[in-house]
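Structure record follows, encoded as structure tokens.
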2 protein chains.
Amino acid sequence: MTTSERLVESTRELLWERGFTGTSPKAILQRAGVGQGSMYHHFTGKSDLALAAIRRTAEVMRATADTALSGEGSACDRVRAYLLRERDVLRGCPVGRLTMDPDVIADPALRQPVFETLDWLRGRIAGILREGCERGEFDAGLDPEGTAAAVVATVQGGYVLARAAESPAPFDTAVRGVLSLLAARATGPAPTA
Amino acid sequence: MTTSERLVESTRELLWERGFTGTSPKAILQRAGVGQGSMYHHFTGKSDLALAAIRRTAEVMRATADTALSGEGSACDRVRAYLLRERDVLRGCPVGRLTMDPDVIADPALRQPVFETLDWLRGRIAGILREGCERGEFDAGLDPEGTAAAVVATVQGGYVLARAAESPAPFDTAVRGVLSLLAARATGPAPTA
DNA sequence: GTCTATAGTGTGATAGAC
DNA sequence: GTCTATCACACTATAGAC
């Protein structure tokens with residue numbers, strides 16, 4: 001791993017744990033085990049390094065979500081696979097948590113990958129649900145866009161509830177709830193959600 | 001307004017805007033228009049002041065939510081009233097945003113009011129849905145706990161999506177989605193969600 | 001390309017005058 | 001009760017040696 005890569009990885013971890021405001025260059029350097037000079041040689045500063053880290057994290061999250069969503073089965077099965085995939089719930093979403101960071105939201109360059117990732121996810125799920133509707137997998141009138149937004153929001157909000165409770169339980173309950181509501185709209189032999 | 005109250009109000013605003021880590025005593029004092037001595041006279045430090053501010057914010061949020069949830073109508077109507085109540089969506093939830101602040105979550109005293117508020121909200125909505133089930137307002141098998149968690153998570157996650165997009169639209173879409181899923185479970189003449 | 005040294009500013013808290 | 005002065009330390013960035 002190059003010095004540059006080590007810096008990006010350390011930044012990714014710290015942004016996830018502490019956010020942008022809560023992460024100092026000093027902490028990044030200590031975790032990466034490099035001196036200050038290296039950071040300012042490879043990057044123009046904290047924001048530039050954060051941008052590289054956020055872009056990488058967004059890329060990883062997108063790939064992970066797409067794997068779960070691209071599996072076999074009905075639209076409902078694929079959304080279920082996404083919702084029930086393994087997660088380190090108490091750590092929260094490395095992309096979503098950045099939206100609570102005013103310095104990230106205020107900087108268009110930093111906000112863009114955050115927006116693009118969540119927007120892509122919403123659109124991906126909406127597309128799957130729309131296909132499901134066209135195939136008659138759901139009863140008439142299911143709102144693919146609204147449902148997709150609710151699914152993504154449930155995950156993001158589930159992290160909030162779990163971190164407040166210091167327990168993954170509220171996350172799991174919320175996921176169970178939205179899955180149950182969705183499964184009730186599926187036609188055919190109702191799978192136990 | 002007393003000096004102490006001014007300090008708490010300034011802290012509430014700043015915690016909402018910038019979180020605990022992103023808020024300095026200096027910023028609080030400037031906004032409140034008082035000197036440093038006043039703060040350390042009334043409070044032991046930043047955390048103590050934040051605790052007073054968080055408790056007050058939690059109290060306000062609980063009252064606001066309870067007003068919307070205590071209205072007339074069916075269980076579905078009351079949850080709808082809560083979901084559709086006016087919100088400054090792009091500011092996010094003043095309680096929920098604190099869960100992304102590692103220093104808040106790490107301090108049991110600061111985390112407690114955050115947890116209690118969100119847990120109360122979940123329980124309140126679950127109770128309303130349970131009553132609705134008992135009155136036959138929903139078709140059999142609606143999961144009150146799961147649905148309530150999904151409703152609260154959708155709101156919290158809706159803020160995340162809205163802030164990422166710098167637009168309230170994704171929040172509104174998610175709320176429409178979860179409401180549509182819930183309304184489909186209501187018996188009788190389906191109200192257009 | 002990486003290091004240490006240094007600078008200037010801000011943070012969170014204390015001391016002591018009024 | 002409120003103010004200003006001061007403290008020790010951390011933050012972000014730059015300079016310049018190696």
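In what follows, chains carry the letters A, B, and so on, assigned in the order in which the sequence lines appear, proteins first and then strands, with residues in each chain numbered from 1. No experiment lies behind these values; they were computed from the predicted model shown.
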Check your understanding: Salt bridge or not for B:Arg18 and A:Asp101, using N-O below 4.0 Å?
Key -> no
Check your understanding: Is the number of heavy atoms from other residues, nucleotides or ligands within 6.0 Å of CZ (B:Arg55) greater than 12?
Key -> no
Review point. Can A:Arg31 and A:Glu17 be counted as an ion pair, charged N to O under 4.0 angstrom?
Key: yes
Which pairs of donor and acceptor atoms, one on a side chain in residues 37-49 of chain A, lie under 3.5 Å apart (sequence neighbours left out)?
from, atom 1, to, atom 2, distance (Å)
A:Lys46, NZ, A:Phe20, O, 2.9
A:Lys46, NZ, A:Thr23, O, 2.8
A:Asp48, OD2, A:Thr44, N, 3.1

Check your understanding: Does B:Arg91 make a cation-pi contact with B:Trp16 (under 6.0 Å, within 45 degrees of the axis)?
Key -> yes
**Study point:** Check: B:Asp66 side chain, B:Ala63 main-chain N or O, donor-acceptor pair, under 3.5 Å
**Key:** no
Review point. When you measure from the side chain of B:Arg12 to the backbone N and O of B:Ala53, does any donor-acceptor pair fall under 3.5 Å?
Key: no
Exercise for review: Tell me, please, which residues at least two apart from B:Phe171 pass ring pair (Phe, Tyr, Trp, His ring centres under 6.0 Å).
Suggested key: B:Tyr159
Exercise for review: Please list, by residue number, the residues of residues 12-27 of chain A whose heavy atoms come closer than 4.0 Å to an atom of DNA chain C; answer none if no residue qualifies.
Suggested key: none
Review point. Any salt bridge between B:Arg6 and B:Glu9, counting N to O under 4.0 Å?
Key: no
**Study point:** Close approaches to DNA chain C from residues 37-56 of chain B, in residue order (heavy atom, under 4.0 Å)
**Key:** B:Tyr40, B:Gly45, B:Lys46
Please tabulate, one pair per line, all N/O donor-acceptor pairs under 3.5 Å involving side-chain atoms of residues 141-148 of chain B, not counting sequence neighbours.
from, atom 1, to, atom 2, distance (Å)
B:Asp143, OD1, A:Arg176, NH2, 3.2
B:Asp143, OD1, B:Glu145, N, 3.3
B:Asp143, OD1, B:Gly146, N, 3.0
B:Asp143, OD2, A:Arg176, NE, 2.7
B:Asp143, OD2, A:Arg176, NH2, 2.9
B:Glu145, OE2, B:Arg130, NH2, 2.9
B:Thr147, OG1, B:Asp143, O, 2.6

Check your understanding: Mind checking which nucleotides bracket the chain B contacts on DNA chain D, 5' to 3', with an atom under 4.0 Å from a heavy atom?
Key -> D:dG1 to D:dA5
